[in-house]
Peer 1: 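Let me give you the structure first, and then I'll get to my questions.
Remember, it's a predicted structure, so these values are computed and weren't measured experimentally. Computed from heavy atoms alone, side chains included, the values below leave out hydrogens, waters and symmetry copies.
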Amino acid sequence: MMRRADSLFARLFGVFLVAIVLAHVLAFTWYHYYGHPPPPPPPPPEHLAQMGPHMPPPGPPPGPRGFFGGPLVPLAFQMLTLIAAAWYGARLLSRPIQHLSDAAERLSDDLDSPPLQESGPKEARQAAHAFNLMQQRIREQVQQRARMLAAVSHDLRTPLARLKLRVEQIPNAHLRARMGQDLGEMIGMLDATLSYLHEQRSTEALQWLDLQALLESMVEDAQDRGAQVSFHGHCAPLRAQPLALRSCISNLLENALRYAGHASVELHDGREHIEVRVIDQGPGIPIEQREAVFEAFFRVEGSRNRSSGGVGLGLTIAREAARRQGGDIQLAETEGGGLTAILHLPR
């Protein structure tokens with residue numbers, strides 16, 4: 001109710017309504033104090049004596065007029081008419097802005113959303129046309145960037161593969177190992193970049209998902225690979241993007257296992273949102289860098305170095321996957337040391 005009361009329609013309608021009610025209150029007040037003329041003074045006794053006994057006695061003062069003859073009916077009709085006019089005018093003023101707001105919300109969720117219908121008054125048509133041009137340009141820029149990065153990443157695979165074969169022929173074992181490690185990191189960065197671009201381009205519809213079963217299966221798969229992972233909690237099914245959510249949780253879990261060697265997954269169900277916690281007892285992340293690690297290719301120096309693997313895209317992919325379905329990820333310190341990744345998902 002508070003969100004609806006904060007809309008432009010509600011504000012305009014409220015201002016009009018207050019003005020109308022205040023005007024009518026003032027009108028009723030004026031009519032109460034000044035609307036009835038004072039009664040005429042009674043004639044003097046001398047004038048009554050001169051008129052004689054044939055003069056009929058004065059009748060009682062005129063009584064109040066009936067309900068339909070008083071001012072209440074026209075005033076009520078006027079108030080209802082003005083209220084209806086104010087409601088219709090406020091709706092006309094707020095409708096184009098509401099359409100523009102809905103289109104912007106659809107665009108934030110999906111760049112391929114249908115364009116805004118260019119109809120209505122001149123200002124509304126101009127705003128809709130400008131919005132559609134902006135949407136088209138954003139879509140073209142994103143597609144061009146994705147094509148360019150995908151082409152560069154794909155074309156670099158061939159020379160890197162040749163370099164890897166030539167490195168195997170280097171007689172110095174130490175130099176061969178160092179160069180092989182560098183080439184492995186470059187190939188890993190290319191693979192992660194292609195995966196990141198694929199995650200950005202993919203669109204997935206919301207479906208009913210048993211999140212508890214998904215987490216249990218992912219934890220069991222990790223345990224089958226020899227990882228130390230535990231799971232606790234339960235929740236009812238919710239509407240989500242299954243592939244995006246699996247990718248999000250997988251990146252959080254792999255991040256914890258990579259730097260801590262073990263992890264614990266907790267699931268908390270709520271009326272308005274669901275919370276998934278991936279807890280580790282690893283080196284953790286300094287508080288001043290917990291937002292920066294969500295940037296693409298950002299790496300924390302020191303405890304989380306390149307020798308432990310990763311190219312700095314896991315948390316970026318995880319947060320973008322969470323935000324595509326209305327959620328988010330925050331990082332907190334684990335009690336006793338370590339890092340806790342908290343995934344919030346709306347109901």
Peer 1: Do Val167 and Leu175 land in one hydrophobic cluster if side-chain heavy atoms of ILVMFWY residues count as linked below 4.5 Å?
Peer 2: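 Yes, it is one cluster - the side chains of Val167 and Leu175 are joined through contacts under 4.5 Å.
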
Peer 1: Hey, are the side chains of His268 and Glu266 touching, using non-hydrogen atoms and a 4.5 Å cut-off?
Peer 2: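 His268 vs Glu266: side chains touch.
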
Peer 1: Looking at Gln212 and Cys235, would you say the former's side chain and the latter's main chain have a donor-acceptor pair under 3.5 Å?
Peer 2: yes

Peer 1: Is Met186 linked to Ile170 within one hydrophobic cluster, defined over Ile, Leu, Val, Met, Phe, Trp and Tyr using a side-chain heavy-atom separation of less than 4.5 Å?
Peer 2: yes

Peer 1: Start with the C-alpha distance between Gln98 and Asp102, add both sets of side-chain angles, then the distance that settles side-chain hydrogen bond (donor to acceptor under 3.5 Å, both in side chains), and finish with yes or no.
Peer 2: CA-CA 6 Å; Gln98 183 63 43; Asp102 295 339; 3.0 Å; yes

Peer 1: Just one of Asp328, Val278, Ile274, Val276 clears the side-chain contact (heavy atoms from CB on, under 4.5 Å) bar with Leu343, so which one?
Peer 2: Val276

Peer 1: Do Leu214 and Leu257 land in one hydrophobic cluster if side-chain heavy atoms of ILVMFWY residues count as linked below 4.5 Å?
Peer 2: yes

Peer 1: Are the side chain of Thr316 and the backbone N or O of Glu295 linked by a donor-acceptor pair below 3.5 Å?
Peer 2: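 Indeed, once roles are kept as given, a pair shorter than 3.5 Å links the two residues.
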
Peer 1: Roughly how far apart are Leu211 CG and Arg246 CZ, rounded to 0.5 Å?
Peer 2: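 The distance works out to 11.0 Å.
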
Peer 1: Distance check, rounded to the nearest 0.5 Å: Leu183 atom CG versus Gln181 atom CD?
Peer 2: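 The distance works out to 10.5 Å.
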
Peer 1: Evaluate the criterion side-chain contact (heavy atoms from CB on, under 4.5 Å) for residue pair Phe294 and Leu331; output intermediate values, then yes/no.
Peer 2: CA-CA 10 Å; Phe294 290 104; Leu331 300 180; 3.7 Å; yes

Peer 1: Is there a side-chain contact between Gln330 and His344 (heavy atoms, below 4.5 Å)?
Peer 2: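 Gln330 vs His344: side chains touch.
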
Peer 1: Is Arg225 salt-bridged to Glu254, going by a charged N under 4.0 Å from an acidic O?
Peer 2: yes

Peer 1: Applying a strict under-4.5 Å side-chain criterion to I, L, V, M, F, W and Y, I'd like to know whether Leu133 and Leu100 cluster together.
Peer 2: no

Peer 1: Which value, rounded to the nearest 0.5 Å, describes the distance between Glu335 atom CD and Gln281 atom CD?
Peer 2: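 Spacing of CD (Glu335) from CD (Gln281) equals 9.0 Å.
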
Peer 1: Test your reading of the model: is there a side-chain donor-acceptor pair from Asn132 to the backbone of Ala128, 3.5 Å cut-off?
Peer 2: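 Checking the backbone N and O of Ala128 against the side chain of Asn132, a donor-acceptor pair under 3.5 Å is found.
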
Peer 1: If you apply the rule side-chain contact (heavy atoms from CB on, under 4.5 Å), what do you find for Leu160 with Arg162, and how did you get there?
Peer 2: CA-CA 5 Å; Leu160 286 176; Arg162 289 199 299 262; over 6 Å; no

Peer 1: Side chains of Glu140 and Gln144: closer than 4.5 Å at any heavy-atom pair?
Peer 2: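 Of all side-chain heavy-atom pairs linking Gln144 with Glu140, none is under 4.5 Å.
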
Peer 1: If you measure from CZ on Phe231 to CG on Leu253, what distance do you get to the nearest 0.5 Å?
Peer 2: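 The CZ atom of Phe231 sits 11.5 Å away from the CG atom of Leu253.
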
Peer 1: Salt bridge check: are Glu275 and Arg277 linked by an N-O gap of less than 4.0 Å?
Peer 2: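 Here Glu275 pairs with Arg277 in a salt bridge, since their nearest N and O are under 4.0 Å apart.
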
Peer 1: Looking only at atom types and distance, does a side-chain atom of Gln325 sit under 3.5 Å from a main-chain N or O of Gln241, one as donor and one as acceptor?
Peer 2: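 Indeed, once roles are kept as given, a pair shorter than 3.5 Å links the two residues.
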
Peer 1: Any side-chain to backbone donor/acceptor pair from Arg290 onto Ala332? Under 3.5 Å, distance only.
Peer 2: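 Absent.
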
Peer 1: Once rounded to the nearest 0.5 Å, what's the spacing between atom CD1 of Ile342 and atom CD1 of Ile279?
Peer 2: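 Ile342 atom CD1 to Ile279 atom CD1 measures 8.5 Å (nearest 0.5 Å).
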
Peer 1: Of all heavy-atom pairs between Phe131 and Leu116, which one has the smallest distance, and what is that distance?
Peer 2: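 That closest heavy-atom pairing would be CD2-CB, 4.2 Å.
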
Peer 1: Check this for me: Gln207, atom CD, are more than 12 non-hydrogen atoms of other residues, nucleotides or ligands nearer than 6.0 Å?
Peer 2: yes

Peer 1: Could you walk me through whether Gln135 and Ser113 satisfy the side-chain hydrogen bond (donor to acceptor under 3.5 Å, both in side chains) test, starting with their C-alpha distance in whole Å, then the side-chain angles of each, then the deciding distance to 0.1 Å, before giving a yes or no?
Peer 2: CA-CA 9 Å; Gln135 179 182 4; Ser113 60; 3.2 Å; yes

Peer 1: When rounded to the nearest 0.5 angstrom, what distance separates CG in Leu163 from CD in Glu168?
Peer 2: 12.0 Å

Peer 1: Test your reading of the model: is there a side-chain donor-acceptor pair from Gln223 to the backbone of Val229, 3.5 Å cut-off?
Peer 2: yes

Peer 1: Do the charged groups of Arg347 and Asp269 touch, with an N to O distance under 4.0 Å?
Peer 2: yes

Peer 1: Would the distance check show the side chain of Thr334 and the main-chain N or O of Asp280 forming a donor-acceptor pair, the cut-off being under 3.5 Å?
Peer 2: yes

Peer 1: Got Ser230 and Val265 here, is their nearest side-chain heavy-atom distance under 4.5 Å?
Peer 2: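 Side-chain contact under 4.5 Å: no.
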
Peer 1: Verify, without hydrogens or angle tests, whether His262 (side chain) and Ala260 (backbone) share a donor-acceptor contact under 3.5 angstrom.
Peer 2: yes

Peer 1: Before accepting this row, confirm whether a basic side-chain N of the pair Arg319/Glu291 lies closer than 4.0 Å to the acidic partner's carboxylate O.
Peer 2: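 Glu291 and Arg319: salt-bridged.
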
